[in-house]
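What follows is a set of notes on a single structure, which appears directly below.
Naming convention: chains lettered A, B, ... in sequence-line order (proteins, then strands); numbering from 1 in each chain.
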Protein chains: 2
Amino acid sequence: MTSTEPMGMELGPRVRVDLQAVADAASVHRSTASRALNPATRHLVAAEAVARIEEAARALGYRRDDLAASLRTGRTNLIGVMVPDIINPIFAPILQGVETALARQGYSALVANAGNDPARQLGVAEQLIGRRVDGLILATSAEDDPIVAMCVQQDIPAVLVNRAERAARLPSVVSDDFEGMRLAVEHLFSLGHRRIGHVAGPAHLSTGVRRRAGFEAAMRTLGLEVDAIVTAGAYQRGAGAMAAAELLDSFAVTAIAASNDLLALGAYRAMAGLGLSCPQDVSIVGHNDMPLVDMVAPPLTTIRIDPLALGEKAAALLLDWLGSPPGMEPRAVQLVTKPTLVVRGSTAPPFSPPAPRSWPG
Amino acid sequence: MTSTEPMGMELGPRVRVDLQAVADAASVHRSTASRALNPATRHLVAAEAVARIEEAARALGYRRDDLAASLRTGRTNLIGVMVPDIINPIFAPILQGVETALARQGYSALVANAGNDPARQLGVAEQLIGRRVDGLILATSAEDDPIVAMCVQQDIPAVLVNRAERAARLPSVVSDDFEGMRLAVEHLFSLGHRRIGHVAGPAHLSTGVRRRAGFEAAMRTLGLEVDAIVTAGAYQRGAGAMAAAELLDSFAVTAIAASNDLLALGAYRAMAGLGLSCPQDVSIVGHNDMPLVDMVAPPLTTIRIDPLALGEKAAALLLDWLGSPPGMEPRAVQLVTKPTLVVRGSTAPPFSPPAPRSWPG
DNA sequence: ACTCTTATCACAATCGATTGCAAAAGCATC
DNA sequence: GATGCTTTTGCAATCGATTGTGATAAGAGT
């Protein structure tokens, strides 16, 4: 191609081999080559020609330009996936599930780490749409989310995962957060705990809201007083530590149900700071069963939500939508999976003298 | 000229608004609109026209089709990122670093979870290239990797991260694995350990090979016998547990330096199985300082490698490459970052008497 | 007044594939 | 050998942007 080659050492295909080149080599028209190379249209081409074309393609090292194909067909086979924080271990298995489900149908995930700021999130979503993703999977959704509004308004297929909205404007796949907290509370109750506190997640996220509601309902059903609740500012260890410290300081609880494993780990830290030990002084239940929480000290009792399945189902739902004829899209589907209790070392019966409410300096 | 819809609040963009529509609305040619909307060519258009075109674009809700632009320009602003296992917590911060560095320059990451099977990995790489990514970042590379061969042969810009090849066919960004093991071994030595074992990583991965080499060199330098080495089949907890069990069974070591945090956690499990406790009976050092290893029991002493910086540097290197004039590409750059030792609770002097439980305070 | 710039913009080709339509070829039947 | 049918293939439009080239007009300099 260029004359910048120092010598006539022509190695590798200097010219881009496109469909035209393959067609030429096989002495057919571009369109015939296109049909022969596409499994869906291959039957329209004579078997003998298909063989010739495939041979030519292999010989030339042809690789289809999905970009050009997408421009023509209007479909990119790309799904935009938005997560708030890729380092939060809960999202890795969700991504894993999404990816495998998408891959089965020839789709790929365009993963965007969008952060927690709604404005930035919106910008990231716009970018994804500009890249003409065929749909979105949102693990970022707030209880009332501007991205969801945009998707609905502009008719962009999207599915929520892990977090849902208050209103069901889009399909969603979430764990039964309400039920999860019931499991946690009843487990603690059955161990003998009566004064149980809750470190709640952010009030603008469905997980925060519903788990708190589940906690309150379960407590009331058991006839327990529900007052020991402190809300953490974010699903992070630091926020959990602060909230737990406040909780332990203000209420004489013997157990804590946290809205999330990271918050539970934060509670561990808070307890260490107060000289309390788990589960001797206070039992703790997390939520999500994140990777590695079985290895912490003590191993965390938690609510398992199978995030892999969550991701897979969300992807499947979105692919259903994309494959549905107009008017038949599954816009109202709200999938809810059942969580299970995983008992480990962070919960135990309360000791006879309840944990003291304050410590002398 | 199309009849302009006089009613201003015509809801729902029934027709796709493309550049032509904007151009029509602003009474200019497509090409002018294109130039006006592109910051790099905006100066070629009269300021007054730019204003008119931008106004029209906003009014119509125009959003550029990056796909079409990419087809024409030959650049997608997409970087393919391959990881072997997205659930392995070491990759999350690497991805984070890659993403932020890419985002700064308007690029996005197309993350592919490629697994550990070389054949599948190759297929995934082909897919990414078929989507016309501008370059690849490989966190999957083996010591002699077929994907690297393909990239070199087909002249596809690619950078290795975390794992490098034996031969330096492509730029890479890795932690100094050799040095990391030296830190680990010297730390154990300074505590008084003399019989130190190594749970090695897979021999086909650079991290496995170089950390093992670092271990052996450090041991020799200290005049210690280097025979207690068992290789794990994969960087997974189960494999680490098996390897550690064999190691503890065959050698009277008082300390283990593991090639990786997951292997170290596997060693915890093996020790529990053998009724040994850490660090009283055996000290353990991990490698990587994965998220959460500060919370396990006991908190893991490990080698920190700052994976975020690794990711950022890899992305920066690739972007440099993409921005370089032909012939000036940084093909030979091998960046090596210095790891640091993080001392926690899993290491102590050998044969220490059972320490009284004294919590930090 | 004339030429020479310079700024601005329109024209049309181009990227590489897909696909509706119609032509051509093969084949059997009457 | 004309007709009708099916199978196979070629033609050309199309997706939505970018960009090299040249036309036009305005302004500057002599």
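Set against D:dT9, C:dG16, D:dA17, the side chain of B:Ala69 has D:dA17 as its closest nucleotide. Nearest nucleotide to the side chain of A:Arg35, out of C:dC21, D:dT19, D:dG16: C:dC21. Comparing atom distances between the B:His29 side chain and each of D:dT14, C:dC15, C:dA10 picks out C:dA10 as nearest. Which of D:dA17, C:dA17, C:dT19 sits closest to the side chain of B:Asp65 comes down to D:dA17. Distances from the side chain of A:Ala68 to the nucleotides C:dC11, C:dT18, C:dG16 place C:dG16 closest.
Residue A:Arg64 has a polar side-chain atom (N or O) positioned under 4.0 Å from OP1 or OP2 of C:dT18. Listed pair B:Thr32 / C:dA10 meets the phosphate criterion, a side-chain N or O lying under 4.0 Å from OP1 or OP2.
Taking atom CG on B:Leu37 and atom P on D:dT19, their separation rounds to 14 Å, with Å as the unit. Rounding to whole angstrom units, CG of residue A:Asp24 and C1' of D:dT9 are separated by 15 Å. Atom-to-atom, CG of A:Leu19 to C1' of D:dG10 comes out at 14 Å; the value is rounded to the nearest Å. A:Leu71 has its CG atom 17 Å from the P atom of C:dT14, to the nearest Å. The distance between atom CZ of A:Arg75 and atom C1' of C:dA17, rounded to the nearest whole Å, is 15 Å. Protein atom CD of B:Gln20 is 11 Å distant from nucleotide atom C1' of D:dA17, rounded to whole Å. To the nearest angstrom, C1' of C:dA13 lies 10 Å from CZ of B:Arg30. Protein atom CZ of A:Arg72 is 18 Å distant from nucleotide atom P of C:dC15, rounded to whole Å.
A:Arg169 and A:Asp144 are joined by a salt bridge, as a carboxylate oxygen and a charged side-chain nitrogen come within less than 4.0 angstrom of each other. A salt bridge does not link A:Asp66 with B:Arg132: every distance from a Lys NZ or Arg NE/NH1/NH2 to an Asp or Glu carboxylate oxygen is 4.0 Å or more.
For the side-chain contact (heavy atoms from CB on, under 4.5 Å) test with A:Ser172, the passing option among A:Leu317, A:Val159, A:Leu160 is A:Leu160; the others fail. For the side-chain hydrogen bond (donor to acceptor under 3.5 Å, both in side chains) with B:Arg52, the qualifying choice from B:Glu48, B:Glu54, B:Glu55 is B:Glu48, the only one to do so.
A:Leu44 comes within 4.0 angstrom of a base, heavy atoms only.
The shortest non-hydrogen separation linking A:Val111 to B:Glu99 is O-OE2, 2.9 Å.
Between the side chain of B:Ser31 and the base of C:dC11 there is at least one donor-acceptor pair of N/O atoms closer than 3.5 Å.
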